Amino acid sequence: MEIKQLKDINKSHLNSLIEVVALLVEVKVRTTKTEKQYADLILQDASKKVEAKCWEYQENKNLFDSLLDTPVVKIKALVGEYQGQIQLTVKDICILETSEDMMAGLIPTSDWGLDTLQKGLQYFYEKVETPHLKTLLDKLIFNEDYYEKFITYPAARQVHHNFYHGLLQHVLEVLKFAFTIATTKKLTKRQQERLIVMAFLHDWAKIFEYKPLPNIGFTDEGTMLGHIFLGAHMALNTMDEITGFDQDDKLIILNGILGHHGKLEYGSPVLPKTVEAQILHHADCVSGDIESILSFMEEQENEEDSFTGKLWNMGTDYYKKGRY
Ligand SMILES: [Fe+2]
Ligand SMILES: [Fe+2]
């Protein structure tokens with residue numbers, strides 16, 4: 001049976017053979033207890049990511065050895081289920097010639113539209129009036145060496161905003177949520193400006209941490225250093241180049257970047273030490289968590305059950321029937 005999109009595969013297909021075209025975004029070669037090699041695969045298209053197993057790794061070794069970057073593959077597979085999620089067992093796999101159009105149709109993209117996203121960025125940029133804070137944004141965000149990456153990269157490898165323009169959409173969401181809290185709680189103008197700068201920069205270094213889509217891996221720099229350190233390090237270097245950068249602004253913005261994951265066990269080396277940093281952390285969670293729930297529900301909307309499978313980052317399943 002030919003399937004148009006990965007999200008169309010549902011439990012009614014269990015134990016049947018399907019055929020689908022998708023990006024092969026990850027291949028991990030593993031060994032069974034009996035020393036047989038197999039491959040864990042992740043397939044992706046614009047609708048969803050699906051895990052697959054290829055037990056005939058040896059028979060397909062030539063194909064796997066010849067893979068470059070992220071190929072488009074056509075697979076025949078048996079539909080199964082593992083821990084409530086669809087899992088495929090590959091029966092046949094071949095690499096397809098790729099055109100740009102084909103790639104564009106397979107990579108998920110923000111549905112906000114680039115124009116709207118960029119207008120949003122501009123709106124918040126214009127709220128920053130203090131010269132050294134504006135210069136910091138000019139040097140890091142609106143700099144031709146980085147801007148293209150900043151507006152195209154995903155915000156995460158899996159979990160949330162893992163699509164084209166995902167980082168930009170996430171940053172804009174964080175700016176909106178953070179600014180709403182800041183104005184509701186009547187923070188001073190300077191606090192609001194610092195919060196905007198922190199929100200702009202908090203995940204900015206993901207442009208160094210991740211490989212560009214359609215790849216979904218980390219760069220060596222990202223694996224070794226991570227976006228929190230990289231972001232704070234580059235922000236500090238840039239602040240030091242700006243004459244007369246205010247010392248309090250420096251400490252507060254750096255603490256915001258370093259503390260935005262909110263807890264030491266979530267990868268932040270320090271806790272948020274200002275009200276701005278705490279707001280940033282909450283706004284970041286709201287943006288990431290809600291997006292992960294919405295996209296998870298959408299991926300599973302074609303399945304009959306009342307509840308989704310368990311969303312691992314939230315630790316629970318979600319009720320789907322109320323979505324109307
Ligand atoms: Fe982050
Ligand atoms: Fe973030």
Side-chain angles (χ1 to χ4, degrees), residues 1-11 13-99 102-108 154 156-160 162-164 166 210-219 222-223 292 295-296 298-300 302-303 309-313:
M1 185 188 307
E2 204 175 300
I3 298 283
K4 284 216 169 67
Q5 285 203 302
L6 289 171
K7 77 168 183 183
D8 297 334
I9 308 173
N10 58 48
K11 288 182 185 159
H13 298 109
L14 281 179
N15 301 316
S16 32
L17 268 179
I18 53 119
E19 198 171 271
V20 70
V21 172
L23 285 163
L24 179 56
V25 291
E26 197 170 291
V27 178
K28 287 208 167 121
V29 182
R30 306 195 190 278
T31 312
T32 63
K33 281 183 193 145
T34 56
E35 299 292 307
K36 184 179 183 288
Q37 281 189 313
Y38 68 98
D40 272 336
L41 313 177
I42 297 180
L43 298 160
Q44 171 169 29
D45 66 11
S47 74
K48 190 175 180 174
K49 268 199 189 91
V50 170
E51 289 180 13
K53 298 226 177 260
C54 180
W55 297 107
E56 281 78 39
Y57 175 76
Q58 278 305 335
E59 292 80 336
N60 290 296
K61 196 166 182 317
N62 283 345
L63 179 141
F64 286 118
D65 285 348
S66 69
L67 293 181
L68 296 168
D69 289 333
T70 309
V72 178
V73 293
K74 185 179 201 170
I75 63 154
K76 266 204 193 89
L78 189 67
V79 180
E81 190 183 5
Y82 180 69
Q83 292 185 339
Q85 306 279 339
I86 293 291
Q87 192 181 73
L88 304 176
T89 303
V90 175
K91 294 292 168 193
D92 193 36
I93 178 166
C94 67
I95 300 172
L96 298 184
E97 288 268 331
T98 337
S99 65
M102 192 179 206
M103 282 302 245
L106 290 170
I107 300 171
R157 197 173 148 268
Q158 287 183 323
V159 198
H160 74 96
N162 54 344
F163 42 73
Y164 260 140
Y210 297 136
K211 293 179 182 167
L213 284 169
N215 300 301
I216 56 167
F218 291 103
T219 60
T223 307
S292 75
S295 57
F296 192 62
E298 202 179 310
E299 281 179 7
Q300 299 191 18
N302 290 348
E303 289 167 26
K310 186 169 168 180
L311 178 55
W312 67 268
N313 58 308

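The shown structure was predicted, so the numbers you read here are calculated from the model rather than taken from an experiment. For this chain, numbers begin at 1 and follow the sequence in order.
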Colleague: Taking atom CG of Leu311 and atom OG of Ser292, what is their separation to the nearest 0.5 Å?
Modeller: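 With rounding to 0.5 Å, CG (Leu311) is 4.5 Å from OG (Ser292).
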Colleague: Only one of Leu63, Leu41, Leu43 forms a side chain to side chain contact (heavy atoms under 4.5 Å, CB included) with Val73, so which one is it?
Modeller: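 Single pass found, and it is Leu43.
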Colleague: Tell me the closest heavy-atom pair linking Lys91 and Leu17, and the distance in Å.
Modeller: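 That closest heavy-atom pairing would be CG-CD2, 3.8 Å.
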Colleague: Taking all non-hydrogen atoms of both residues, which atom of Gly105 and which atom of Ala46 are closest, and how far apart?
Modeller: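 Closest approach of Gly105 to Ala46, heavy atoms only: O-CB, 3.5 Å.
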Colleague: Output the distance between atom NZ (Lys49) and atom CG (Leu23), rounded to the nearest 0.5 Å.
Modeller: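 One gets 10.5 Å once the value is rounded to the nearest 0.5 Å.
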Colleague: Please report the C-alpha distance between Val79 and Asn15 in whole Å, then the side-chain angles of each, then the deciding distance to 0.1 Å, and finally whether the side chain to side chain contact (heavy atoms under 4.5 Å, CB included) criterion is met.
Modeller: CA-CA 5 Å; Val79 180; Asn15 301 316; over 6 Å; no
Colleague: Salt-bridged, Asp8 to Lys4, with N to O below 4.0 Å?
Modeller: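 Lys4 and Asp8: not salt-bridged.
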Colleague: Kindly compute the distance separating CG (Leu78) from OG (Ser16), expressed to the nearest 0.5 Å.
Modeller: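 Leu78 atom CG to Ser16 atom OG measures 7.5 Å (nearest 0.5 Å).
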Colleague: Got a salt bridge between Glu19 and Lys76, using NZ or NE/NH1/NH2 to carboxylate O under 4.0 Å?
Modeller: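 Looking at Glu19 and Lys76, the cut-off is met.
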Colleague: When you compare the side chain of Thr32 with that of Trp55, does any pair of heavy atoms fall below 4.5 Å?
Modeller: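 Yes, at least one pair of side-chain atoms sits under 4.5 Å.
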Colleague: Decide side chain to side chain contact (heavy atoms under 4.5 Å, CB included) for Lys7 and Val50; before the verdict, give the C-alpha distance in whole Å, the side-chain angles of both, and the deciding distance to 0.1 Å.
Modeller: CA-CA 9 Å; Lys7 77 168 183 183; Val50 170; over 6 Å; no
Colleague: Relative to each other, are the rings of Tyr57 and Phe64 parallel, tilted or perpendicular (30° and 60° limits)?
Modeller: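 Tyr57 and Phe64: parallel rings.
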Colleague: Could you check whether any side-chain N or O of Thr31 sits under 3.5 Å from a backbone N or O of Glu35, counting only pairs where one atom can act as donor and the other as acceptor?
Modeller: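 No, Thr31 side chain to Glu35 backbone: no donor-acceptor pair under 3.5 Å.
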Colleague: Start with the C-alpha distance between His13 and Ile3, add both sets of side-chain angles, then the distance that settles side chain to side chain contact (heavy atoms under 4.5 Å, CB included), and finish with yes or no.
Modeller: CA-CA 10 Å; His13 298 109; Ile3 298 283; 3.8 Å; yes
Colleague: Do the side chains of Leu96 and Met102 get nearer than 4.5 Å, heavy atoms only?
Modeller: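 Touching, per the 4.5 Å side-chain cut-off.
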Colleague: So which of Leu88, Ile18, Asp92 actually passes side chain to side chain contact (heavy atoms under 4.5 Å, CB included) with Ile75?
Modeller: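 Of the listed options, the one satisfying the test is Leu88.
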Colleague: Tell me if the CD atom of Glu59 is crowded by more than 12 foreign heavy atoms within 6.0 Å.
Modeller: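 Counting neighbours around CD of Glu59, more than 12 heavy atoms of other residues, nucleotides or ligands fall under 6.0 Å, so yes.
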Colleague: Does Glu81 form a side chain to side chain contact (heavy atoms under 4.5 Å, CB included) with Lys11? I'd like the steps, not just the answer.
Modeller: CA-CA 8 Å; Glu81 190 183 5; Lys11 288 182 185 159; 3.1 Å; yes
Colleague: Has the side chain of Asp45 got a donor or acceptor atom that lies under 3.5 Å from a matching backbone atom of Lys48?
Modeller: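 Yes, the answer is positive, given that a donor and an acceptor are paired below the 3.5 Å cut-off.
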Colleague: Enter the distance from Gln44:CD to Glu51:CD here, rounded to the nearest 0.5 Å.
Modeller: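 Here the interatomic distance stands at 12.5 Å.
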Colleague: Let me confirm one number: the SG-NZ distance from Cys54 to Lys61, rounded to the nearest 0.5 Å.
Modeller: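 Interatomic distance, Cys54 SG to Lys61 NZ, rounded to 0.5 Å: 12.5 Å.
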Colleague: Verify whether one side chain among Gln58 and Gln37 offers a donor that lies under 3.5 Å from an acceptor in the other.
Modeller: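 There is such a pair between these side chains.
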Colleague: Is Lys36 atom NZ crowded by more than 12 heavy atoms from other residues, nucleotides or ligands, each under 6.0 Å away?
Modeller: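 Enclosed.
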Colleague: With a 4.5 Å cut-off on side-chain heavy atoms, are Tyr38 and Lys53 touching?
Modeller: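 Of all side-chain heavy-atom pairs linking Tyr38 with Lys53, at least one is under 4.5 Å.
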Colleague: Within a strict 4.5 Å, meaning less than it, do heavy atoms of the Ile95 and Val72 side chains meet?
Modeller: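 The answer is no, as the side chains (C-beta and beyond) never meet within the 4.5 Å cut-off.
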